[in-house]
Amino acid sequence: MKILYFTLALLFANVAMSQTHQITKHNGEQLDVNFIKSENGFVYYSLNGSSEEIKISKYAVSSITNKETKQTQKVSDKIVVDSKDDYKMVTVLPQEKTIGLKQAASFTGVSTRTKGEPPIANQNQTAMRIKSKSASNGYPFVSIVEKADGKYEAVAYVY
């Protein structure tokens with residue numbers, strides 16, 4: 001009888017510790033995880049046997065599937081940038097929201113300065129130039145870091 005209880009307890013412990021969700025990334029990679037939450041542009045999960053919370057950008061995740069109910073929740077749409085004309089589809093992300101995306105390229109330049117325009121207009125023009133350059137190379141995401149003396153560094157990301 002003790003063996004029966006021990007075996008049943010072991011089986012239920014295994015089921016409780018198994019991964020309950022599958023994360024499908026836009027690059028086709030699939031992760032078996034324990035989904036925790038989706039909040040502030042991130043998807044939080046933990047790996048099997050670990051209580052450590054791991055986060056990934058929602059832009060890298062296509063969907064989350066519950067393995068028990070087979071219910072799929074769409075997280076984000078894949079952005080496909082084919083030409084320079086698609087610059088409006090390029091998303092400017094803060095550096096911390098690029099977790100899970102692959103760094104593709106880095107480029108620098110000088111911000112546009114037009115006499116008489118407010119600084120926000122200069123930032124918008126610079127962002128538009130960076131987005132056009134990213135779009136022409138097929139990069140759907142870019143992170144812009146402004147430096148002193150009107151210079152900037154932009155890092156492009158892909159799935």
Side-chain angles (χ1 to χ4, degrees), residues 14-112 119-159:
N14 242 1
V15 170
M17 298 280 282
S18 67
Q19 292 140 343
T20 58
H21 291 81
Q22 183 175 46
I23 291 178
T24 305
K25 295 170 64 175
H26 285 294
N27 64 4
E29 186 179 345
Q30 294 182 338
L31 305 170
D32 290 328
V33 301
N34 294 318
F35 174 70
I36 298 172
K37 63 183 173 181
S38 181
E39 176 177 274
N40 297 328
F42 291 106
V43 173
Y44 295 87
Y45 64 92
S46 65
L47 297 175
N48 191 20
S50 173
S51 62
E52 180 182 357
E53 204 173 81
I54 302 170
K55 66 181 175 180
I56 186 171
S57 174
K58 76 171 188 173
Y59 296 104
V61 178
S62 172
S63 63
I64 299 172
T65 304
N66 185 330
K67 288 183 172 182
E68 293 174 8
T69 63
K70 304 292 185 207
Q71 185 178 14
T72 301
Q73 174 188 359
K74 189 168 192 79
V75 177
S76 67
D77 292 322
K78 186 170 185 174
I79 300 171
V80 179
V81 180
D82 292 330
S83 68
K84 189 175 183 175
D85 296 335
D86 294 335
Y87 74 93
K88 291 180 181 178
M89 294 171 47
V90 174
T91 305
V92 178
L93 297 173
Q95 191 68 35
E96 63 271 3
K97 293 217 176 177
T98 60
I99 298 170
L101 298 171
K102 293 179 188 166
Q103 184 174 340
S106 178
F107 41 94
T108 59
V110 178
S111 297
T112 305
I120 191 72
N122 294 333
Q123 288 175 345
N124 290 341
Q125 287 179 348
T126 301
M128 192 172 88
R129 269 193 295 127
I130 292 169
K131 287 170 74 170
S132 294
K133 188 172 184 177
S134 291
S136 65
N137 291 319
Y139 306 135
F141 304 102
V142 67
S143 177
I144 303 170
V145 179
E146 293 199 27
K147 297 186 173 188
D149 302 336
K151 295 183 180 182
Y152 67 85
E153 180 181 3
V155 181
Y157 293 90
V158 294
Y159 297 109

Nearest atoms (heavy-atom pairs only) where [X] meets [Y]:
{"X": "E96", "Y": "F42", "value": "O-CZ, 3.2 Å"}
{"X": "E29", "Y": "L31", "value": "OE2-CD2, 3.5 Å"}
{"X": "V158", "Y": "P140", "value": "CG1-CD, 4.0 Å"}
{"X": "G100", "Y": "K25", "value": "O-NZ, 4.0 Å"}
{"X": "E52", "Y": "S46", "value": "O-CB, 3.3 Å"}
{"X": "S63", "Y": "T72", "value": "CB-CG2, 3.7 Å"}

State the [atom1]-[atom2] distance between [X] and [Y], to the nearest 0.5 angstrom.
{"X": "S106", "Y": "E153", "atom1": "OG", "atom2": "CD", "answer": "4.0 Å"}
{"X": "Y44", "Y": "K58", "atom1": "OH", "atom2": "NZ", "answer": "12.5 Å"}
{"X": "T126", "Y": "K151", "atom1": "OG1", "atom2": "NZ", "answer": "14.0 Å"}
{"X": "K37", "Y": "E53", "atom1": "NZ", "atom2": "CD", "answer": "5.0 Å"}
{"X": "Q22", "Y": "I64", "atom1": "CD", "atom2": "CD1", "answer": "11.0 Å"}
{"X": "N124", "Y": "K131", "atom1": "CG", "atom2": "NZ", "answer": "9.5 Å"}

With side chain to side chain contact (heavy atoms under 4.5 Å, CB included) as the criterion, how do V92 and I144 come out once you've worked through the C-alpha distance, each side chain's angles and the decisive distance to 0.1 Å? CA-CA 7 Å; V92 178; I144 303 170; 4.0 Å; yes
Using a 3.5 Å distance criterion without hydrogens, assess whether the side chain of S134 forms a donor-acceptor pair with backbone atoms of Y139.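 A pair under 3.5 Å: no.
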Among side-chain atoms of T20 and E68, is any donor-acceptor pair under 3.5 angstrom?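 Side chains of T20 and E68: no pair found under 3.5 Å.
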Are V43 and F35 close enough, and set up right, to give a side chain to side chain contact (heavy atoms under 4.5 Å, CB included), and what steps lead you there? CA-CA 8 Å; V43 173; F35 174 70; 3.8 Å; yes
With side chain to side chain contact (heavy atoms under 4.5 Å, CB included) as the test, would you mind laying out the steps for Y45 and H21 before giving the verdict? CA-CA 9 Å; Y45 64 92; H21 291 81; over 6 Å; no
Evaluate whether atom CE of M89 has more than 12 neighbouring non-hydrogen atoms of other residues, nucleotides or ligands under 6.0 angstrom away.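 Yes, enclosed.
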Counting only heavy atoms not in E39, do more than 12 sit closer than 6.0 Å to its CD atom?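 For E39, atom CD is crowded (more than 12 foreign heavy atoms under 6.0 Å).
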With under 30° as parallel and over 60° as perpendicular, where do the rings of H26 and Y159 fit, or are they tilted in between?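 Judged by the thresholds at 30° and 60°, the geometry between H26 and Y159 is tilted.
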Report yes if the side chains of K102 and N27 come closer than 4.5 Å at any heavy-atom pair, otherwise no.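 Side chain of K102 against side chain of N27, heavy atoms only: contact under 4.5 Å found.
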Is there a side-chain contact between Y152 and I130, using heavy atoms and a 4.5 Å cut-off?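 They are in contact (side-chain heavy atoms under 4.5 Å apart), so the answer is yes.
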Residues in side chain to side chain contact (heavy atoms under 4.5 Å, CB included) with T69, at least two apart?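 So T69 forms a side chain to side chain contact (heavy atoms under 4.5 Å, CB included) with N66, Q71.
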Step-by-step side chain to side chain contact (heavy atoms under 4.5 Å, CB included) determination, V33 to L47: CA-CA 5 Å; V33 301; L47 297 175; 4.1 Å; yes
